[in-house]
There are 2 protein chains.
Amino acid sequence: MGQDLPVTSFALLGLFTFGDDDGPRSLTGYELKQVADATLRFYWVSPAMSQVYKELSRLAERGLVSPSDDERGTTYSITSAGRSALETWMRESEPGFSVLKHPIALRLLLGHLVDPSTTLAMLRNHLEALDREREALVEVRESLRGADAPRQTFRHPSLVADWGLEYFAHERLIIDDLIRRIDQDE
Amino acid sequence: MGQDLPVTSFALLGLFTFGDDDGPRSLTGYELKQVADATLRFYWVSPAMSQVYKELSRLAERGLVSPSDDERGTTYSITSAGRSALETWMRESEPGFSVLKHPIALRLLLGHLVDPSTTLAMLRNHLEALDREREALVEVRESLRGADAPRQTFRHPSLVADWGLEYFAHERLIIDDLIRRIDQDE
DNA sequence: TGTAGCATGTAAGCCGTTACATGATTGA
DNA sequence: TCAATCATGTAACGGCTTACATGCTACA
């Protein structure tokens, strides 16, 4: 019974596997969305609230998470079937290549349609957006300190966060360089 | 009459603005797909054939491209309305931030669910995939030589391609480093 | 003669979004 | 008491994909 689910389902399911101290965590839909916004959004997606609830229903239907009532609302935890479905997915499915949707790159491609000053303004705005995103990721990274050593709970999340920080830093350099090159062209 | 179309429509429409020598190009749906695969795919999307034809119909309905018959089949060219819709879109709409869907990063996040050797194998495979993608982009970049100087037709496409090449090179370094770190953890 | 590439679509369906709706709790 | 946050959904719809179908041309 191979689980045929979109990657986003497994991504959300995976967020339940990061236990604090006392075992795997239980989360309400609302909380799950917070966690996804803090982590998944940088390299996967930030699903809409309605999508999160829909996913939780589907995962529950299949027995991969189990709901229980709690003073916080309806909380979900991963089941052992959920955990093994995740492990199977990790081991046996093809990751596929990454997909980037980069509106700035797209508009730079079409730069011949507008004034260079328009393109430059766009790139400068992008630098600011980049800094804001980077700041948000820095905070995520900081929050992992203390449990980010090899074999600790947040080892892998911290590796991914470091990757993301490098990505932002490097993109900053590239954009700076593009601004310089376009400035010179004039 | 603001054109309310998905970004992909403008992306495809934009591909018609790169004239060779004798004005803007005319393309069949099939050819448009080839161009998109060679360029858009690296930082936007590679739309399915069926999607390309659907977009062409919609763009034609709105008068942004005009079809004409040709020995190659039905070819389309951008109209002046199409061109000004593109320019307006470039100047007046918000780009928004980039969205990355990176299955490798996602699976690295969940590395605690599998053997380190599984993660290492995944990262090594990713290095090879990265090299293949890079090679494809190198060829695109090379094909732009000769028209990539400031103010020439392929100036902006070549800036974007250079950006992409740097991106791939840097990701390679990051993955190498991750492999080293995970190796050491054991 | 058969396979690969060129050329053009239709149909079904999933993923995910926005808009809308509701209600409890907490703190300014 | 009013706004923000927590909490949970439904409905409608758009974007894009896969699967399917068709036919022509060039070439090995």
Novice: Mind checking whether Phe168(B) and Phe42(B) have parallel, tilted or perpendicular rings, split at 30° and 60°?
Specialist: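 Perpendicular, since the angle between the ring planes exceeds 60°.
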Novice: From CD of Gln34(B) over to C1' of dC6(C), roughly how many Å is that when rounded to an integer?
Specialist: 9 Å
Novice: Flag the pair Glu61(A) and Arg58(A) as a salt bridge only when some basic side-chain nitrogen lies within less than 4.0 angstrom of an acidic carboxylate oxygen.
Specialist: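 No salt bridge links Glu61(A) with Arg58(A).
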Novice: Less than 4.5 Å apart, any side-chain heavy atom of Asp177(B) and any of Trp163(A)?
Specialist: no
Novice: Which nucleotide of DNA chain D is the first, and which the last, in the 5' to 3' direction, to come under 4.0 Å of a heavy atom belonging to chain A?
Specialist: dT5(D) to dC16(D)
Novice: What is the distance from CG of Leu56(B) to P of dT10(C), rounded to the nearest Å?
Specialist: 13 Å
Novice: Should the ring pair Trp89(A) and Phe10(A) be called parallel, tilted or perpendicular, given that the plane angle runs from 0 to 90° and is split at 30 and 60?
Specialist: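 Aromatic pair Trp89(A)/Phe10(A) classed parallel.
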Novice: Using a heavy-atom cut-off of under 4.0 Å over every strand shown, decide if Thr8(B) touches base, sugar-phosphate, or nothing.
Specialist: sugar-phosphate
Novice: If you take all heavy atoms of Ser158(B) and Asp148(B), which pair is closest and at what distance?
Specialist: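 Scanning both residues, the minimum pair turns out to be OG-CB, 3.5 Å.
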Novice: Do Phe16(A) and Phe18(A) sit in one hydrophobic cluster, given that two such residues count as connected whenever their side-chain heavy atoms are within less than 4.5 Å of each other, even indirectly?
Specialist: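 Yes, same cluster.
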Novice: To the nearest Å, give me how far apart NZ (Lys54(A)) and P (dC14(C)) are.
Specialist: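 Result: 12 Å.
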Novice: Tell me: CG of Leu27(B) to P of dA7(C), nearest whole Å?
Specialist: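 The distance from CG of Leu27(B) to P of dA7(C) comes to 11 Å, rounded to the nearest Å.
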Novice: Take atom CD of Glu71(B) and atom C1' of dC6(C), then tell me their distance rounded to the nearest Å.
Specialist: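 Whole-Å distance recorded here is 13 Å.
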Novice: Can you list, by residue number, the residues of residues 42-53 of chain B that have a non-hydrogen atom closer than 4.0 angstrom to DNA chain D?
Specialist: Ser46(B), Pro47(B), Ala48(B), Ser50(B), Gln51(B)
Novice: Identify all side-chain donor-acceptor contacts of residues 121-138 of chain A below 3.5 Å with residues at least two apart in sequence or on another chain.
Specialist:
from      : atom 1 : to        : atom 2 : distance (Å)
His126(A) : NE2    : Glu171(A) : OE2    : 2.7
Asp131(A) : OD1    : Arg172(A) : NE     : 3.0
Asp131(A) : OD2    : Arg172(A) : NH2    : 3.0
Glu133(A) : OE1    : Arg41(A)  : NH1    : 2.7
Glu133(A) : OE2    : Arg41(A)  : NH1    : 3.2

Novice: How sharply is the helix from dT1(C)-dA28(D) to dA28(C)-dT1(D) bent, taking the axes over five pairs at either end and rounding to 10 degrees?
Specialist: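 Taking five pairs per end, the axes differ by 30°.
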Novice: Less than 4.0 angstrom from a charged side-chain N to a carboxylate O is my criterion; do Asp185(A) and Arg155(B) meet it?
Specialist: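 Salt bridge present between Asp185(A) and Arg155(B).
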Novice: Determine the minimum heavy-atom distance between Ile182(A) and Thr119(A), stating which atoms define it.
Specialist: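 The answer is CD1-CG2, 3.9 Å.
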Novice: For a quick check of understanding: with a heavy-atom distance under 4.0 Å over all strands, which category does Ser57(B) fall into, base, sugar-phosphate or nothing?
Specialist: nothing
Novice: Do Asp37(B) and Lys33(B) meet the salt-bridge criterion of a basic N to acidic O distance under 4.0 Å?
Specialist: yes
Novice: Would His170(B) and Tyr167(A) count as a close aromatic pair, with their ring centres under 6.0 Å?
Specialist: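 Ring-ring flag for His170(B)/Tyr167(A): false, centres at least 6.0 Å apart.
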Novice: Please determine, by modelled atom types, if Arg62(A) and Ser57(A) share a side-chain donor-acceptor pair under 3.5 angstrom.
Specialist: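 Looking only at side-chain atoms, Ser57(A) and Arg62(A) do not form any donor-acceptor pair under 3.5 Å.
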Novice: What residues in residues 86-106 of chain A put a non-hydrogen atom under 4.0 Å from any atom of DNA chain D?
Specialist: Lys101(A)
Novice: Could you pull out all residues at least two apart from Thr75(A) that satisfy side-chain contact (heavy atoms from CB on, under 4.5 Å)?
Specialist: Ser26(A), Thr28(A), Ser68(A), Asp70(A), Arg72(A)
